[in-house]
Novice: 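Have a look at this one.
Sequence lines set the chain letters: A, B, ... in the order given, protein chains first and strands last, and positions in each chain run from 1. What's counted below: heavy atoms across the whole structure, side chains too, no hydrogens, waters or symmetry copies. It should be emphasised that the depicted structure is a prediction, and the values quoted were computed from it without experimental measurement.
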Amino acid sequence: MENNISKNFIEQEIEKDLQEKKYDEIVTRFPPEPNGYLHIGHAKSIIYNYSIAKKYGGHFNLRLDDTNPLKEKNEYVNSIIEDVNWLGVDYGKKVLYASNYFDKMFDYAILLINKGLAYVCDLSIDEVKKYRGDYNNVGTDSPYRNRTIEENLKLFYEMKDGKYKDGEKTLRAKIDMKSPNLNMRDPVIYRIAHLKHHNTGDKWCIYPMYDFAHPLEDAIEGISHSLCTLEFEDHRPFYEWVVNNCEFKKPPRQIEFAKLYLTNVITGKRYIKQLVDKGIVDGWDDPRLVTIAALRRRGYTKEAIKNFIELSGISKANSSSDYELLEYCIREDLKLKTKRMMAILDPIKLVIENYPKDKTEVLELPYNVENLELGTHKFTFSNELYIERDDFSIDPPNKYYRLFIGNEVRLMGAYYVKATRYETDNNGNVTTVYATYDENTKQDGRQVDRKVKGTIHFVDAKTAHQAKFKIFNNLVDEEKGKLNEDGTVNYNKNSLVIKNGFIEKELSLSKANDKFQFMRNGYFNVDYKESTNDLLVFNRIVDLKSSFKL
RNA sequence: UGGGCCAUAGCCAAGCGGUAAGGCACAGGACUUUGACUCCUGCAUUCGAUGGUUCGAAUCCAUCUGGCCCAGCCA
């Protein structure tokens with residue numbers, strides 16, 4: 001009876017803050033850098049940030065964190081917006097851009113200089129590294145650390161005006177070169193980069209670093225809780241240093257959570273990018289990937305993804321969700337929503353010898369017996385059918401319920417048939433099975449005097465349409481779900497299997513992204529990239545859970 | 001070797017001093033015009049380990065062990 005789902009640790013923190021009246025409104029955000037496509041891990045951030053804002057009556061922002069023009073592309077900003085839209089979260093009227101705050105960020109940098117908390121440093125990239133020290137050695141102050149405010153101001157404006165080359169100078173926060181936290185050893189907050197920005201063009205040749213820009217972006221937007229992943233824990237002290245020294249009255253609070261990993265699946269933008277760049281997959285939306293675009297093309301629904309994220313939970317413990325949970329979620333979502341149709345992936349012929357050769361019957365079955373509102377479909381039946389290769393066995397193992405010589409099974413929606421003989425090709429593969437049917441066993445609701453253990457599906461060979469079925473195995477590394485050190489990937493060579501089969505006539509009218517259950521073969525989605533009027537290509541979304549293996 | 005974080009079943013995850021929720025997976029059974037679905041049933045004498053405090057500890061304290069992150073002018 002416990003309908004109360006327990007609150008996660010973030011909600012507990014937020015409720016504490018609410019009690020202490022630290023914020024007027026709960027505002028969250030999803031701040032991706034447009035340097036790649038979004039994947040299932042980003043979906044976790046999107047969904048939690050959004051649902052928390054919604055739960056506490058606040059709002060949620062989508063903000064492109066575009067502070068490094070070197071890595072960012074318009075293709076990526078478009079794909080991110082498309083994916084977030086598809087997930088159906090409400091981010092208000094418009095998409096926000098960190099780059100729209102460059103003027104304000106510059107002003108805050110000036111403020112810090114004026115407070116004596118930032119200075120222009122002439123150290124080279126290697127020198128900065130040396131001066132910083134390491135885990136075991138404290139850092140040393142930069143020789144430029146004690147420039148006067150006036151000098152810093154002058155130099156920083158000159159940086160902005162393009163007087164210096166890339167790497168020649170930086171603006172650094174003046175904190176503590178002896179801090180055990182390396183992020184506090186006078187971090188660089190502005191660097192020079194003479195690059196065209198996708199949004200601001202050539203206006204700037206200095207760009208703020210993430211550590212400086214991010215807290216400001218949050219504070220400027222009135223974010224109350226800035227939820228991010230665990231690797232930013234060490235950056236939190238600087239985040240707080242920035243919002244406090246820039247004098248925000250109700251500064252946002254950063255809370256970290258663990259990333260979502262999937263067992264045996266390659267997650268992580270870096271790794272996916274390599275697979276795309278090396279042509280191991282055919283693009284960011286290759287259905288073997290777990291990018292949002294790929295999952296969508298494969299046929300996953302946003303409902304399933306949301307449910308998966310919620311069932312996976314959120315905590316600070318590094319963990320890896322079971323792929324089986326994702327599969328459970330998509331089956332659960334599609335179960336009552338999809339039409340259940342007949343399709344034969346790996347066909348062999350079934351000839352019914354005592355059925356009139358010139359006769360064709362039209363039969364009817366509900367699209368989905370568990371959801372009769374979906375209606376019914378009509379399909380034809382004749383003496384020549386296609387059945388699945390798996391549904392006939394020359395040498396049936398124990399407890400095999402389907403067709404073998406002498407055994408009677410039900411043809412779904414049609415008749416009982418009994419196999420009599422079969423033919424093979426030169427390699428010994430079955431090509432045709434011959435059978436007889438009993439006309440008194442028509443499956444139209446009337447009582448039949450006997451029961452059969454097996455039911456198999458079929459399509460009428462005389463009216464069937466050809467189709468291609470793409471069956472995916474996950475692009476996995478059994479051990480790590482990562483690329484190897486040398487950049488190669490131990491992906492499953494059988495990650496994509498293509499079957500040429502047949503579909504019942506009605507399915508030839510299917511359109512891109514139509515989803516069906518093909519009886520025992522699982523759930524399929526019409527591929528929007530590869531299907532044409534002549535040939536439909538179906539991506540298998542997920543297999544059925546099965547307790548029998550062949 | 002410095003700093004930060006984490007540890008509850010095969011995988012997630014509640015639990016916040018009163019005697020181990022829930023989901024996935026798995027196993028058994030019933031039902032079935034999909035070996036699916038649905039429906040029952042089972043599944044941690046124990047919370048990384050060891051000590052301590054307490055009438056009582058997964059929860060508090062101490063020590064230890066294991067895992068993750070950090071030395072970009074990336075985010």
Novice: Can you tell me if the side-chain N/O atoms of A/Arg185 get under 4.0 Å from OP1 or OP2 in B/rG72?
Specialist: no

Novice: Taking atom C1' of B/rC73 as reference, at what distance in whole Å does atom CG of A/Asp166 sit?
Specialist: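 Distance, rounded to whole Å: 9 Å.
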
Novice: Could you go over nucleotides 4-9 of chain B and give all protein N or O partners under 3.5 Å, atom names and distances?
Specialist:
{"residue": "B/rC5", "atom": "O4'", "partner": "A/Glu233", "partner atom": "OE1", "Å": "3.3"}

Novice: On a plain distance test, is the side chain of A/Glu370 in donor-acceptor contact with the base of B/rU38 below 3.5 Å?
Specialist: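 Answer no: no donor N or O sits under 3.5 Å from an acceptor.
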
Novice: Measuring only the C1' atom in each nucleotide, how far is B/rA13 from B/rC60? A whole number of Å is fine.
Specialist: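 My reading of the C1' atoms in B/rA13 and B/rC60 gives 23 Å.
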
Novice: Counting only side-chain N and O atoms of A/Arg132, is one of them less than 4.0 Å from OP1 or OP2 of B/rG72?
Specialist: yes

Novice: What distance, rounded to whole Å, do you find between the two C1' atoms, one in B/rU41 and one in B/rU34?
Specialist: 25 Å

Novice: Ignoring backbone atoms, establish whether A/Thr67 has a side-chain N or O less than 4.0 Å from OP1 or OP2 of B/rA75.
Specialist: yes

Novice: Tell me, yes or no, whether the heavy-atom count around A/Tyr157 atom OH, taken from other residues, nucleotides or ligands under 6.0 Å, exceeds 12.
Specialist: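 Counting other residues, nucleotides and ligands, OH of A/Tyr157 stays at 12 neighbours or fewer.
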
Novice: Using a cut-off of strictly less than 4.0 Å, decide whether A/Lys545 has a side-chain nitrogen or oxygen near OP1 or OP2 of B/rA25.
Specialist: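 Yes, within the criterion.
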
Novice: Determine the contact category for A/Gly522: base if any of its heavy atoms lies under 4.0 Å from a base atom, sugar-phosphate if only primed atoms, P, OP1 or OP2 are that close, otherwise nothing.
Specialist: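 Contact class for A/Gly522: none.
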
Novice: Is the distance between the ring centroids of A/Tyr523 and A/Phe516 less than 6.0 Å?
Specialist: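 Ring centroids of A/Tyr523 and A/Phe516 are no less than 6.0 Å from each other.
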
Novice: Using a cut-off of less than 4.0 Å, is there contact between a side-chain N or O of A/Ser319 and OP1 or OP2 of B/rA13?
Specialist: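 The answer is yes; a side-chain N or O of A/Ser319 sits under 4.0 Å from OP1 or OP2.
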
Novice: Given Watson-Crick or G-U pairs with both distances under 3.5 Å, what dot-bracket string fits RNA chain B, with | for other-strand pairs and [ ] for crossing?
Specialist: .(((((((.[[[..)..(...]]].(((((.......))))).....[[[[[..)....]]]]])))))).....

Novice: Provide the distance between the two P atoms, one in B/rC70 and one in B/rA9, to the nearest whole Å.
Specialist: 26 Å

Novice: Look at the side chain of A/Asp322 and decide which nucleotide, out of B/rU33, B/rG72, B/rC11, has an atom nearest to it.
Specialist: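 Nearest nucleotide to the side chain: B/rC11.
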
Novice: Could you give the distance separating B/rG15 and B/rG51 at their P atoms, to the nearest angstrom?
Specialist: 29 Å

Novice: Would you indicate, yes or no, if B/rU1 has its OP1 or OP2 atom less than 4.0 angstrom from a side-chain nitrogen or oxygen of A/Tyr135?
Specialist: no

Novice: To the nearest angstrom, how far is A/Asp211 atom CG from B/rA71 atom P?
Specialist: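 Rounding to the nearest Å, CG of A/Asp211 and P of B/rA71 are 11 Å apart.
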
Novice: Strictly below 4.0 Å: does A/Lys335 bring a side-chain N or O up to OP1 or OP2 of B/rU38?
Specialist: yes

Novice: Parallel, tilted or perpendicular: which one describes the rings of A/Tyr76 and A/Trp284, with boundaries at 30° and 60°?
Specialist: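 A/Tyr76 and A/Trp284: perpendicular rings.
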
Novice: I'd like to know if A/Tyr401 reaches the base of B/rG35 with its side chain, counting only an N/O donor and acceptor under 3.5 Å.
Specialist: yes

Novice: Which of the following nucleotides, B/rC24, B/rC73, B/rU33, is nearest to the side chain of A/Thr455?
Specialist: B/rU33

Novice: The side chain of A/Tyr400 lies closest to which of these nucleotides: B/rU34, B/rC73, B/rG35?
Specialist: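 Per side-chain heavy atoms of A/Tyr400, the pick is B/rG35.
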
Novice: Do the side-chain N or O atoms of A/Arg446 get closer than 4.0 angstrom to the phosphate oxygens (OP1, OP2) of B/rU33?
Specialist: no

Novice: Categorize A/Arg520 for me: base, sugar-phosphate, or nothing, with a 4.0 angstrom heavy-atom threshold over every strand shown.
Specialist: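 Base: the residue A/Arg520, judged by heavy atoms under 4.0 Å, touches a nucleobase.
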
Novice: Quick one: is B/rC12 close enough that its OP1 or OP2 comes under 4.0 Å of any side-chain N or O from A/Ser312?
Specialist: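 Negative; the distance criterion is not met.
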
Novice: Give me the distance, rounded to whole Å, that separates B/rC40 from B/rC55 when you measure between the P atoms they each carry.
Specialist: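 About 45 Å, rounded to a whole number of Å.
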
Novice: Across the strands shown, which category fits A/Gln12 at heavy-atom distances under 4.0 angstrom: base, sugar-phosphate, nothing?
Specialist: base

